[in-house]
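Below, each value reflects all heavy atoms present in this structure, side chains not excepted, and no hydrogens, waters or symmetry copies. Numbering starts at 1 and runs along the sequence shown. This one's a predicted model, so the numbers in the text were calculated from it and none came from an experiment.
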Amino acid sequence: MIRLNDIISEVLSYHPKANIELIQKAYVYSAKVHQGQIRLSGEPYLSHPLEVAHILAQMRMDVVCIAAGLLHDTLEDTTAEPEELKELFGEETANIVDGVTKISKMHFTSRKQREAENVRKMILAMSNDIRVILVKLVDRLHNMRTLGFQSPEKQREISKETLDIYAPLAARMGIHNLKSNLEDLSLYYLEPDVYQKIKTEVSLRQSENKAFIQEVKDLISTKLEEFGIQSVVKGRPKSFYSIYRKMVDQDLTLNQVYDVLAFRLIVNSIKECYEALGFIHSMWKPVAGRFKDYISVPKANMYQSLHTTVIGPVGQRMEVQIRTHDMDRVAEHGIAAHWKYKEGLVSSKTDEKQFSWLRQLLEWQQSLKDPDEFLDTVRMNLFPDEVYVFTPRGEVKSFPRGATPVDFAYSIHSDIGEKCIGARINGRMVSLRQQLKNGNIVEIVTSSKQHPSKDWLDFVKTPRAKTKIKQWIKSQEREESIVLGRNMLEKALEQERLSLTSIMKSDHFSAIAEELSFINAEDLIAQIGFGEVSLKQVVGRIKTKLGVNPEKPPGLVSKMLVKLRRTKSHAGIKVKGVGEMLVRFANCCSPLPGEPVIGFITRGRGVTIHYQNCRHIQKADPERLVEVSWESSKENVYLAKIRVLSLDKKGMLADISAVITKNNGNIMQADIKTTMEQKGISHFTVEVENHKHLEDIMKGIRKIKQVLTVERL
């Protein structure tokens with residue numbers, strides 16, 4: 001079993017001035033709280049945190065991280081409390097332990113590659129310190145090394161999770177050794193027969209490969225030395241899992257996998273990397289399409305190297321990687337290789353440029369005292385536009401940042417989205433506008449009486465939700481527009497002494513719809529109601545189809561019909577080119593006969609009449625405006641509202657009423673108030689014939705001696 005002195009010796013080898021007291025204190029505390037606990041292997045439980053801390057020390061991590069490694073299971077498996085850890089070991093150490101504990105409590109049953117990727121992203125996005133992930137990965141590595149004491153079913157479950165979640169996380173962090181170890185250990189339990197075959201084949205070739213590797217290393221070293229390039233050449237068999245993946249991806253048997261050897265050239269500069277590549281290609285023939293330049297274009301995890309595959313001395317394929325010493329350190333240990341930035345031990349301009357992203361994260365971590373603030377900063381820079389949440393069954397779903405329960409509901413099914421009335425996040429009811437956060441467990445509450453609202457479009461983020469909401473709204477408006485369009489067309493055809501019913505029964509209307517590029521007659525009628533198609537154009541085409549002469553003078557009967565229609569025209573308004581149809585007056589401006597007006601074709605409510613200079617009309621879609629005019633009629637009356645400001649004098653209401661009655665007006669409603677300044681404010685709703693009639697009434701009221709102002713509302 002690893003001892004505390006082994007860990008301390010390892011730390012002092014790369015950081016002589018390290019604060020060893022923190023590690024010693026963490027060891028004593030961990031031993032105390034884990035006392036009496038035994039692992040399945042029969043070893044004391046303390047052996048596990050000691051192994052984790054030792055691996056972290058071998059990765060050259062800082063003291064805080066190693067202390068967290070010793071304490072990483074205390075919150076989950078003992079009576080330790082977060083506040084106690086914070087008080088004893090500092091907030092930084094306590095936060096790392098808390099982060100590892102939260103990840104450990106997340107149980108994944110990844111069934112799909114996409115879901116596994118979402119889980120990996122969520123772990124990264126939820127971690128408030130990169131070291132949380134490093135400790136968790138090392139924890140998983142040691143658990144995989146001791147997995148043989150678990151049941152076969154548990155071995156497969158944990159191995160699958162490791163392969164789906166944790167090995168790719170190690171790759172993303174750029175820790176190659178850790179990634180390879182996790183993959184090989186997972187393969188051992190998931191495909192034991194394949195693992196043993198690969199192991200046996202590699203062992204059989206071992207002596208042969210050993211001699212071949214040495215021969216190639218000597219050839220490369222000699223060639224590079226001739227041209228003054230100092231190098232370290234390493235040769236090794238590929239990992240078992242990488243051989244297995246090649247078999248699966250290329251549908252090969254084990255005997256057909258030839259490039260099981262990989263060589264690594266480590267030189268002093270980037271210039272020498274490219275020079276060495278030229279020498280390798282001059283010695284052996286390169287395989288077409290197998291060259292990759294990760295120096296010019298590094299991977300997202302900061303990995304840099306030149307990769308090429310060549311046909312070796314005995315016709316065997318060999319993979320060759322060429323990199324500098326710094327690149328090699330990063331390739332092996334990834335983000336952990338440069339954790340010494342935390343303690344300011346590296347300051348070269350090359351390193352600062354190459355690892356600026358990591359250095360920036362560490363600077364943020366030091367400068368931002370609020371853990372939540374740092375968490376948000378890391379999230380924004382790792383995955384600026386994504387948030388990851390759970391369904392009640394544990395499935396992970398990805399959404400744009402700012403997404404809401406409505407987006408979540410539509411991602412499940414459009415019926416759930418349409419009937420969504422609320423949501424529970426982590427068991428607590430929230431509004432539909434609540435923004436989702438990483439790690440939320442979201443449950444949708446539905447009602448059969450609920451329908452999508454236009455307001456939802458103001459806060460949903462996903463294209464699916466927006467599209468489905470718009471489709472539903474449009475379908476509702478379409479039904480209203482079909483009713484309106486049919487009404488408008490029916491009235492327009494009546495003026496031409498034609499019947500819509502008989503025309504619909506014939507093929508003429510369907511033919512007109514097809515000519516205008518509509519799928520069917522109903523679509524054409526809906527667009528008439530929407531105001532997108534000219535009613536005059538459609539009526540003209542119908543008359544042409546029927547052979548009706550537009551210039552034919554109307555007979556006596558039709559003249560009488562037109563006269564009757566005009567007498568009964570709605571509200572004394574004539575819509576140009578349409579004839580009778582549904583008309584209503586806008587409440588915002590309440591126009592009166594004699595005033596300049598204009599019509600606005602609504603969706604489902606006919607034509608709304610506005611005063612021509614109404615502020616609402618100025619912002620309206622010009623395509624939906626229609627010319628209208630007043631028709632003289634003594635039968636129609638209109639409501640107008642006026643406001644009268646006067647002195648508070650007895651009998652004032654009687655005087656105003658007398659003027660209105662004298663001018664043939666009719667008071668429908670009156671509201672009288674007296675102010676503190678002894679003034680009276682009167683509001684009247686009056687029936688009038690037209691604008692001039694209202695002006696006459698207002699003029700008469702102004703002549704009353706005690707009246708100060710009269711205005712129309």
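Of all heavy-atom pairs between Pro591 and Val597, the closest is CB-CG1, 3.5 Å. Shortest non-hydrogen contact noted between Met698 and Arg712 is CE-N, 3.7 Å. Contact between Lys437 and Val389 at its shortest, heavy atoms only, is O-CG1, 3.3 Å. Between Gly599 and Ile609, the shortest heavy-atom contact is CA-CD1, 4.3 Å. For the pair Pro405 and Ile444, the tightest heavy-atom approach, listed with the atom from each and the gap, is O-CD1, 3.5 Å.
Asn664 contributes atom CG, which lies 10.0 Å from atom CG of Asp696 (distance to the nearest 0.5 angstrom). To the nearest 0.5 Å, the span separating OG1 on Thr685 from CG on Leu639 amounts to 7.0 Å. Taking CD1 from Ile525 and CD from Glu522, the interatomic distance works out to 7.5 Å, rounded to the nearest 0.5 Å.
Side-chain N or O atoms of Asn426 include one that pairs as donor or acceptor with a backbone N or O of Ile441 at under 3.5 Å. Side-chain atoms of His693 come within 3.5 Å of backbone N or O of Asn663 as a donor-acceptor pair. Distance alone, capped at 3.5 Å, is enough to place a donor-acceptor pair between the Asn690 side chain and the Lys692 backbone. Without hydrogens or angle criteria, Gln706 side chain to Ser646 main chain gives no donor-acceptor distance under 3.5 Å. In terms of modelled atom types and a separation under 3.5 Å, the side chain of Asp407 and the main chain of Thr462 share a donor-acceptor contact. Although no hydrogens or angles enter the test, the distance criterion places a donor-acceptor pair under 3.5 Å between the side chain of Glu595 and the main chain of Leu592. Under a 3.5 Å cut-off, the side chain of Ser411 and the backbone N or O of Phe408 do form a donor-acceptor pair.
Residues Phe600 and Leu625 meet the side-chain proximity criterion, which asks for heavy atoms closer than 4.5 Å. Contact annotation: the side chain of Met652 approaches that of Val707 to within less than 4.5 Å [non-hydrogen atoms, C-beta and beyond]. Residues Leu524 and Phe509 are in side-chain contact: their nearest non-hydrogen atoms beyond the backbone lie under 4.5 Å apart. Between Met668 and Val686 there is no side-chain heavy-atom pair separated by less than 4.5 Å. Using a 4.5 Å cut-off on side-chain heavy atoms (C-beta onward), Ser414 and Arg464 make contact. Contact annotation: the side chain of Tyr410 approaches that of Trp456 to within less than 4.5 Å [non-hydrogen atoms, C-beta and beyond]. Residues Asn520 and Ser510 form no side-chain contact, since every pair of their non-hydrogen atoms from C-beta on lies 4.5 Å or further apart. Contact of the Ile672 side chain with the Phe684 side chain is registered, since non-hydrogen atoms from C-beta on lie closer than 4.5 Å.
Remark: aromatic rings of Trp630 and Tyr638 are close, center separation under 6.0 Å.
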Checking side-chain contact (heavy atoms from CB on, under 4.5 Å) for the pair Lys397/Val442: CA distance, chi angles, key distance, verdict?
-> CA-CA 10 Å; Lys397 286 186 170 289; Val442 186; over 6 Å; no
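Taking a 6.0 Å sphere around NZ of Lys662, one finds it holds 12 or fewer heavy atoms contributed by other residues, nucleotides or ligands. Counting heavy atoms of neighbouring residues, nucleotides and ligands inside a 6.0 Å radius, atom CD of Glu711 exceeds 12 of them. Counting non-hydrogen atoms of neighbouring residues, nucleotides and ligands closer than 6.0 angstrom, the CD atom of Glu514 reaches no more than 12 such neighbours. Counting heavy atoms of neighbouring residues, nucleotides and ligands inside a 6.0 Å radius, atom CD1 of Ile519 does not exceed 12 of them.
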